[in-house]
Amino acid sequence: MTGTTVLSQTHFLSLTNNQPHCFELSHSFNEKGWLCLLKRCNSMEEFKQVHAHVLKWGIFFDSFCMSNLVATCALTKWGSMDYACSIFSQMDEPCSFDYNTMIRGSVNNMRFEEALLLYVEMLEGGIEPDKFTYPFVLKACSLLGARNEGVQIHGHVFKMGLEGDVFVQNSLINMYGKCGAVECARDVFDKMGEKSVASWSAIIGAHVCVEMWNECLMLLGEMSREGRCRVEESTLVNVLSACSHLGSPNLGKCIHGILLRNISELNVVVETSLIDMYVKCGCLEKGLRVFEKMSEKNRYSYTVMISGLAIHGHGKEALKVFSEMLEEGLAPDDVVYVGVLSACSHAGLVDEGLQCFKSMQFEHGIEPTVQHYGCMVDLLGRFGMLKEAYELIKSMLIKPNDVIWRSLLSACKVHHNLEIGEIAARNLFVLNQNNTGDYLVLANMYAKAQKWDDVAKVRTKLAEKNLVQTPGFSLIETKRKVYKFVSQDKSTQQWNTIYDMIHQMEWQLKFEGHIPDTSQVLLDVDEEEKRERLKCHSQKLAIAFGLIHTSEGSPLRITRNLRMCSDCHTYTKYISMIYEREITVRDRHRFHHFKDGTCSCKDYW
DNA sequence: TTAGGGTTAG
């Protein structure tokens, strides 16, 4: 506990951790004693008293003393950047040390523009920046996403002859990475002599920023092969994020192994990343095991667990974990409520969702954001309560975005309500006219209602706008390698074998009574062509590849970038039964676990 | 004279 401070004319008394410190000011203050006192300050109150005495003793204009006052004020947790600025402004000749302190303090206090202005002021004042200046100036650029400024500063680094400093190089890699210029980051990295762990973390982080997940994993491999740097937690957190995005549990498990071998006690950040990786890779059980074993849980860990249970359709369990979080005394925030409401939505828990939406606002004082409304519209809409969903949108205090209207439109498609669907589409097209998927959903609804003129109108609009559909793809991992398939894909060398398998599967499916749902194909082609197109959707190609390259009975895991079409959903249910395989598919919204001809979503998705 | 540098989860 930090107690009160009483500073008299002759004594400085501070109660730190209940230990009184008493100094004879007359003996110690005017020499090095003031530095001692400065170091013992624990609050601005105490600092101001030391400052007052510095002024009283007339040592204020000693530059060494001023530098230390500024540094203490700008860099301690309890300090004040404004107060530091006021002392700094009184300095006649601030040196590079003072500028470095002020730049660092500004960055730590999220005052990034100010940090850059200080740097400019420093240059204009003819004060030469040193190797300590650049890491923080570059950090300001990364956090501002200021690539142009970063490039100029990179030029200054060369001019100053500091391009060989490992900290400056690491900062450059980070700056380029955060600004999305991965090639420039790579250039700095490749030219480095000795690389530190931070260099590897920074370059992997740079690839994470631009979602080059495979490259992240390759870099980790390179790092281990080089063997000079010990892999640290922070490096692996980045790689775990790559595994989550790739949906690659085997690689994720390897990383977990490396962590367990190298680090005796994992910290809460790493454990949270592990849970996130496992649940996003479809291994909910493993995620739960990590979660249960955690010695310390915070709001982040609860959020990943709740959202994880949500995307696997375990709404009731997600609500149970949420209750545990509240019992632990952790205050919920807006992000955890997004997880809670989406858990209700994925599992069709309408009453519970409505209840949570109310308690979020009235018990916990959290204003609903557009994401919360999105979850609620999704929850009501999926359940068929389309009028209620529409009423909720109309009652919103904030402007609904395209995601909200899209959610209503897709619910209208599922429940065949063209009237509200058209309202949703109209509003949606005001906000976003360039999403091909939206036009296709509307066209699909018209097609179901046999309104062919309207289908034609939507198609014409698509053509006029020159919109191209986002190419759907499916990823599958076998033997620790991730393979990517797009619809009608013939790019792989083995395409002949894969298409033979597709053909074989088609016969099996026909025998079991599967009828392809050609309404999913909105092309003006005959039925036969539609069936041909349908059977080569990326997910089916990935399944065929998986069946060829994995041993009998082993599970298949597929990750997709888009939502699954209903034909792929039915098809995969049949395949799980015919080939006796458990198939987990992660689409844009959630996980589907197919087993013995059924899906864990119970066809509610 | 002083102190100071990179990276990490929903």
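In what follows, every chain begins at residue 1, and chains take the letters A, B, ... in the order their sequences are listed. For the numbers below, each heavy atom of this structure counts, side chains included, while hydrogens, waters and symmetry mates do not.
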Can you label the angle between the A:Phe591 ring and the A:His593 ring as parallel, tilted or perpendicular, going by 30° and 60°?
-> parallel
Between the main-chain N or O of A:Leu220 and the side-chain N or O of A:Ser224, is there a donor-acceptor pair closer than 3.5 Å?
-> yes
Taking [atom1] from [X] and [atom2] from [N], how many angstroms apart are they, rounded to a whole number?
{"X": "A:Asn170", "N": "B:dT8", "atom1": "CG", "atom2": "P", "result": "12 Å"}
{"X": "A:Glu163", "N": "B:dG5", "atom1": "CD", "atom2": "P", "result": "22 Å"}
{"X": "A:Phe132", "N": "B:dG4", "atom1": "CZ", "atom2": "C1'", "result": "6 Å"}
{"X": "A:Asp333", "N": "B:dG10", "atom1": "CG", "atom2": "C1'", "result": "8 Å"}

Just to be sure I understand the rule, does [X] reach a base, reach only the sugar-phosphate, or reach nothing, if contact means heavy atoms closer than 4.0 Å?
{"X": "A:Ser273", "result": "sugar-phosphate"}
{"X": "A:Val197", "result": "base"}
{"X": "A:Asn174", "result": "sugar-phosphate"}
{"X": "A:Val304", "result": "sugar-phosphate"}

Side chains of A:Ser345 and A:Ser342, donor plus acceptor under 3.5 Å | no
Under 4.0 Å: is that the gap between some side-chain N or O of A:Lys139 and OP1 or OP2 of B:dT7?
-> yes
Report yes if at least one side-chain N or O of A:Arg299 is closer than 4.0 Å to OP1 or OP2 of B:dG10; otherwise report no.
-> no
A:Phe64 ring over B:dT2 six-membered base ring, under 5.5 Å and 30° | no
Face-to-face contact A:Phe167 to B:dG5 six-ring, under 5.5 Å, under 30° = yes
Is the distance between the ring centroids of A:Tyr99 and A:Tyr119 under 6.0 Å?
-> no
